[in-house]
Amino acid sequence: MTQICLIRHGQTDWNKAGRLQGQTDIPLNEAGRKQARECRDHLSGDDWDLMITTSLNRARETGEIINEKMNLPIEIMDEFMERGFGEGEGLTREERRASYEGFDFPGMESEEDLNDRIMAGLSTILQCYPGKRILLVSHGGVIAAILRLFHLDAQQEVKLFNGCINHLHYLEDSWQVRGYNVIDHLSSSGA
C-alpha cells in the first residue's frame, strides 16, 4: 500500500493577511516555521521513505524543517504546486470580492488543468514509489482538490489550516482519504 501524508505548508505573512498566494513565491513567517517544527516533532516517530515538496519556498522550507530529524531523500514535484490564480494573486479577500464576481480571475488555472496536474503527480508516485510511505508538503488549494477528488463533495468548501496533516492511501486500485485537516499536533491553528 502506498501511503502519502499530505502536509499543508506553514503560515506566511500573506496567509495571515488573507492574501491569495497561488504561485507567488512567499516565504514562511516565524509562526509558519513553528508549525513546521511541530509537524516535524509529530511525524518523526514514524518510518517514512521519502519527502516530496514543491519548488515554492514556503513548501520547500516546511519540508526541510520537517526533514531535520529524518534525513529523508527530498524530491521536488511541481505537479503539487499551488493552483495559479492569475490576477487574483496578492489580493485580500475584500479586494477579491470588490473586484471579481465569485472566485474566477483572469489568467487563473482551470480546475480541470489543476486536477490533471495532480493526477499526473499521483500517477508518477505510484510508478516510482509503489508501497512507500511518503511525506508530501503541498498547498491548500492542491490538498483541497485532492480531498474533493477522492473524499468530499466537489462543491464542498474546504478550510485547511497551515501545518495540517491529511492522509491518502492507495488501496484496491484507488486513492482513499484516511483523515484530513488534522491539527492536534499544532499549538495554534494559524491561517
Side-chain angles (χ1 to χ4, degrees), residues 1-10 15 20-24 35 39 43 46 48-56 58-60 62-63 66 74-86 88-89 93 96 100 102-105 107-186 189-191:
M1 172 176 64
T2 303
Q3 297 178 48
I4 298 176
C5 177
L6 285 164
I7 305 155
R8 184 176 181 209
H9 64 78
N15 287 134
L20 188 59
Q21 292 177 117
Q23 295 181 358
T24 304
Q35 290 163 337
C39 286
L43 294 166
D46 292 330
W48 302 99
D49 298 303
L50 176 71
M51 166 78 65
I52 297 172
T53 76
T54 73
S55 61
L56 292 177
R58 59 192 184 267
R60 195 180 69 248
T62 300
I66 292 170
I74 296 179
E75 181 172 337
I76 303 295
M77 289 186 68
D78 281 340
E79 290 89 342
F80 302 104
M81 183 183 288
E82 182 60 283
R83 183 177 187 179
F85 291 107
E89 293 188 16
R93 288 178 188 92
R96 294 190 304 265
Y100 298 98
F103 200 79
D104 189 23
F105 312 106
M108 182 172 158
E109 181 178 15
S110 73
E111 186 174 348
E112 182 180 350
D113 287 347
L114 173 66
N115 289 340
D116 288 348
R117 177 162 57 85
I118 291 168
M119 292 305 294
L122 291 173
S123 178
T124 298
I125 287 173
L126 285 177
Q127 280 185 321
C128 297
Y129 307 108
K132 299 295 183 185
R133 299 188 75 224
I134 299 162
L135 296 173
L136 195 165
V137 181
S138 188
H139 306 268
V142 169
I143 296 170
I146 289 170
L147 293 174
R148 282 191 211 89
L149 284 167
F150 302 114
H151 184 66
L152 303 172
D153 180 289
Q155 301 307 312
Q156 188 171 346
E157 185 175 341
V158 180
K159 168 66 174 155
L160 296 168
F161 294 102
N162 289 106
C164 72
I165 292 173
N166 310 268
H167 296 281
L168 188 64
H169 296 180
Y170 192 76
L171 293 165
E172 300 170 4
D173 298 326
S174 68
W175 288 104
Q176 299 175 18
V177 175
R178 293 298 173 108
Y180 68 96
N181 209 21
V182 175
I183 58 171
D184 298 348
H185 58 286
L186 300 175
S189 58

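Below, each value reflects all heavy atoms present in this structure, side chains not excepted, and no hydrogens, waters or symmetry copies.
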Counting only N and O atoms by type, is there a donor-acceptor contact under 3.5 Å from the side chain of S123 to the main-chain atoms of M119?
->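 It does not hold such a pair.
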
Taking the side chain from D49 and the backbone from I134, do they hold a donor-acceptor pair closer than 3.5 Å?
->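 No; zero donor-acceptor contacts below 3.5 Å.
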
Output the distance between atom [atom1] ([X]) and atom [atom2] ([Y]), rounded to the nearest 0.5 Å.
| X | Y | atom1 | atom2 | value |
| --- | --- | --- | --- | --- |
| E111 | R148 | CD | CZ | 6.5 Å |
| I125 | I4 | CD1 | CD1 | 4.0 Å |
| I183 | N162 | CD1 | CG | 11.0 Å |
| I118 | I146 | CD1 | CD1 | 5.0 Å |
| H9 | L160 | NE2 | CG | 10.0 Å |
| L186 | F161 | CG | CZ | 9.5 Å |

Mind checking ring pair (Phe, Tyr, Trp, His ring centres under 6.0 Å) for H167 and listing every partner two or more places apart, or none if nothing turns up?
->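 Listed in chain order: nothing, the list is empty.
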
Applying ring pair (Phe, Tyr, Trp, His ring centres under 6.0 Å), name anything that partners F105, two or more places apart in sequence or on another chain.
->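 Expected list: Y100, F103.
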
Quick one: list whatever passes side-chain contact (heavy atoms from CB on, under 4.5 Å) with [X], sequence neighbours left out.
| X | answer |
| --- | --- |
| V177 | L147, F150, H151, L168, Y180 |
| E89 | Q23, T24, F85 |
| S55 | I76, D78, M81 |

Taking the side chain as C-beta and beyond, is there a heavy-atom pair between [X] and [Y] under 4.5 Å?
| X | Y | answer |
| --- | --- | --- |
| L43 | C5 | yes |
| L114 | V142 | yes |
| C39 | H185 | yes |
| L136 | I7 | no |
| I165 | L6 | no |
| I66 | M51 | yes |

Would you list the pairs meeting salt bridge (charged side-chain N to carboxylate O under 4.0 Å, His left out) in which at least one residue belongs to residues 170-186, sequence neighbours left out?
-> none

Excluding sequence neighbours, so at least two apart, what forms salt bridge (Lys or Arg N to Asp or Glu O under 4.0 Å) with R60?
->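 With neighbours one apart ignored, the set is E64.
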
For S110, side-chain hydrogen bond (donor to acceptor under 3.5 Å, both in side chains) partners two or more places apart = D113

Residues at least two apart in sequence or cross-chain that pass side-chain hydrogen bond (donor to acceptor under 3.5 Å, both in side chains) with T53, listed by chain then number, are none

Grab the two heavy atoms, one from [X] and one from [Y], that are nearest each other, plus how far apart they are.
| X | Y | answer |
| --- | --- | --- |
| I143 | S138 | CG1-CB, 4.2 Å |
| G63 | V137 | CA-CG2, 3.8 Å |
| K159 | N181 | O-ND2, 3.0 Å |

Please tabulate, for side-chain N and O atoms in residues 126-133, each donor-acceptor pair with protein atoms closer than 3.5 Å (sequence neighbours left out).
{"residue": "Y129", "atom": "OH", "partner": "E75", "partner atom": "OE1", "Å": "2.2"}
{"residue": "R133", "atom": "NE", "partner": "Q3", "partner atom": "OE1", "Å": "3.4"}
{"residue": "R133", "atom": "NH1", "partner": "D47", "partner atom": "O", "Å": "2.5"}

Begin with the C-alpha distance, continue with both residues' side-chain angles, and end with the deciding distance and a verdict on side-chain hydrogen bond (donor to acceptor under 3.5 Å, both in side chains) for T54 and H139.
-> CA-CA 9 Å; T54 73; H139 306 268; 2.9 Å; yes

Check ion pair R117-E109 (N to O, under 4.0 angstrom) |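 Result for this pair is yes, salt bridge flagged.
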
